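Only one structure is covered here, and it is reproduced in the block below.
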Amino acid sequence: MRSRSPSLLRAQPPFCELRPEPGSCHWSRAPGEPRQEIMRKEWMFKLVGKETFIVGEAKTKATINIDAVSGFAYEYTLEINGKSLKKYLNRSKTTNIWLLTLDGANCRIVLEKDTLDVWCNGKKMETAGEFVDDGTETHFSIGNHDCCIKVVSSGKRREGIIHTLIVDDREVPEALE
């Protein structure tokens, strides 16, 4: 994703805004209030190049590429784990995401299909998997809430495998991100 304006990275809550500081050559991340500076480079002439840093509890590798376009115009490219931001955000084939509120707090639950890791608000969850008659179940807890991700075959080739999150015996709809 190329832009001439600050980029917004929606990796895990709290959402993180990455932006260049006006009149300077450094970026800051604002996970809500107050803003938290994650990198500051004091350089005098190096206005172009790339900087790599870590974002969030999941320790996601991010790189900002700064290229001169013309004169004093610059183009910023944000890469996450070596992929462009657009490709990184389009992870529907490799992840399932559910958004819900538990005990008054927003929760973002992510299932990584390739590793079967479960994350809640950027924190990897302890899970217990088991085989059942119609597929598998992955159990974990969020506070006092019992959670389960059921994985079953749709029985239809085009639909593939269906992942369903159940929290306290209630099905949670998948987020449309």
Side-chain angles (χ1 to χ4, degrees), residues 1-102 105-127 138 140 142 147 149 160-161 163 165 172-177:
M1 177 175 191
R2 294 186 181 268
S3 69
R4 294 176 192 255
S5 62
S7 298
L8 183 65
L9 166 63
R10 295 178 185 268
Q12 308 272 333
F15 298 131
C16 304
E17 185 177 352
L18 300 171
R19 71 172 141 237
E21 300 261 335
S24 68
C25 301
H26 62 275
W27 288 72
S28 63
R29 178 182 87 170
E33 292 297 327
R35 291 184 179 166
Q36 174 189 359
E37 186 172 285
I38 59 168
M39 174 186 290
R40 179 183 291 265
K41 288 275 186 168
E42 301 297 340
W43 62 73
M44 196 154 229
F45 298 105
K46 186 180 177 190
L47 298 176
V48 296
K50 74 168 55 171
E51 292 295 332
T52 301
F53 54 95
I54 302 299
V55 178
E57 287 183 37
K59 303 210 183 302
T60 304
K61 179 181 162 189
T63 302
I64 294 179
N65 297 302
I66 306 167
D67 300 310
V69 183
S70 64
F72 285 102
Y74 298 95
E75 185 173 74
Y76 301 95
T77 307
L78 180 60
E79 294 177 355
I80 310 298
N81 281 341
K83 299 176 188 171
S84 70
L85 180 62
K86 185 176 182 179
K87 285 183 182 176
Y88 179 79
L89 292 177
N90 186 15
R91 299 180 298 173
S92 62
K93 291 184 179 180
T94 60
T95 62
N96 284 81
I97 300 171
W98 295 272
L99 303 174
L100 64 148
T101 303
L102 292 175
N106 291 331
C107 293
R108 177 186 174 108
I109 299 174
V110 178
L111 169 67
E112 291 181 351
K113 295 179 191 177
D114 52 352
T115 61
L116 297 180
D117 289 337
V118 176
W119 299 79
C120 180
N121 294 344
K123 181 181 176 188
K124 189 173 178 181
M125 305 301 293
E126 292 286 329
T127 61
T138 302
F140 59 99
I142 301 174
C147 306
I149 297 176
I161 296 174
H163 300 81
L165 173 65
V172 178
E174 191 171 348
L176 301 174
E177 288 192 336

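From a predicted model like this one, the values you see are computed outputs, not experimental measurements.
Under a 3.5 Å cut-off, the side chain of N121 and the backbone N or O of R108 do form a donor-acceptor pair.
Atoms OG1 and CG, from T60 and N81 in turn, are 5.5 Å apart once rounded to the nearest 0.5 Å. Once rounded to the nearest 0.5 Å, the distance linking CD1 of I149 with CZ of F140 reads 4.5 Å. Here the OG1-NZ distance, from T63 to K83, works out to 13.5 Å after rounding to the nearest 0.5 Å. Between the CD1 atom in I64 and the OG1 atom in T77 there is a gap of 10.0 Å [rounded to 0.5 Å]. Interatomic distance, OG1 of T95 versus CG of D117, reported as 12.0 Å (0.5 Å rounding).
Nearest heavy-atom pair across N96 and K113 is OD1-CE, 2.5 Å.
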Between N65 and K50, does a side-chain contact (heavy atoms from CB on, under 4.5 Å) hold up when you go through it step by step? CA-CA 4 Å; N65 297 302; K50 74 168 55 171; 3.1 Å; yes
Going through the distances and angles, do E51 and I66 end up as a side-chain contact (heavy atoms from CB on, under 4.5 Å)? CA-CA 8 Å; E51 292 295 332; I66 306 167; 5.6 Å; no
Give the C-alpha distance, both sets of side-chain angles, the deciding distance and a yes or no for side-chain contact (heavy atoms from CB on, under 4.5 Å) between I109 and V172. CA-CA 10 Å; I109 299 174; V172 178; over 6 Å; no
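Two residues are said to be in side-chain contact when any heavy atoms from C-beta on lie closer than 4.5 Å; L100 and L165 meet this criterion.
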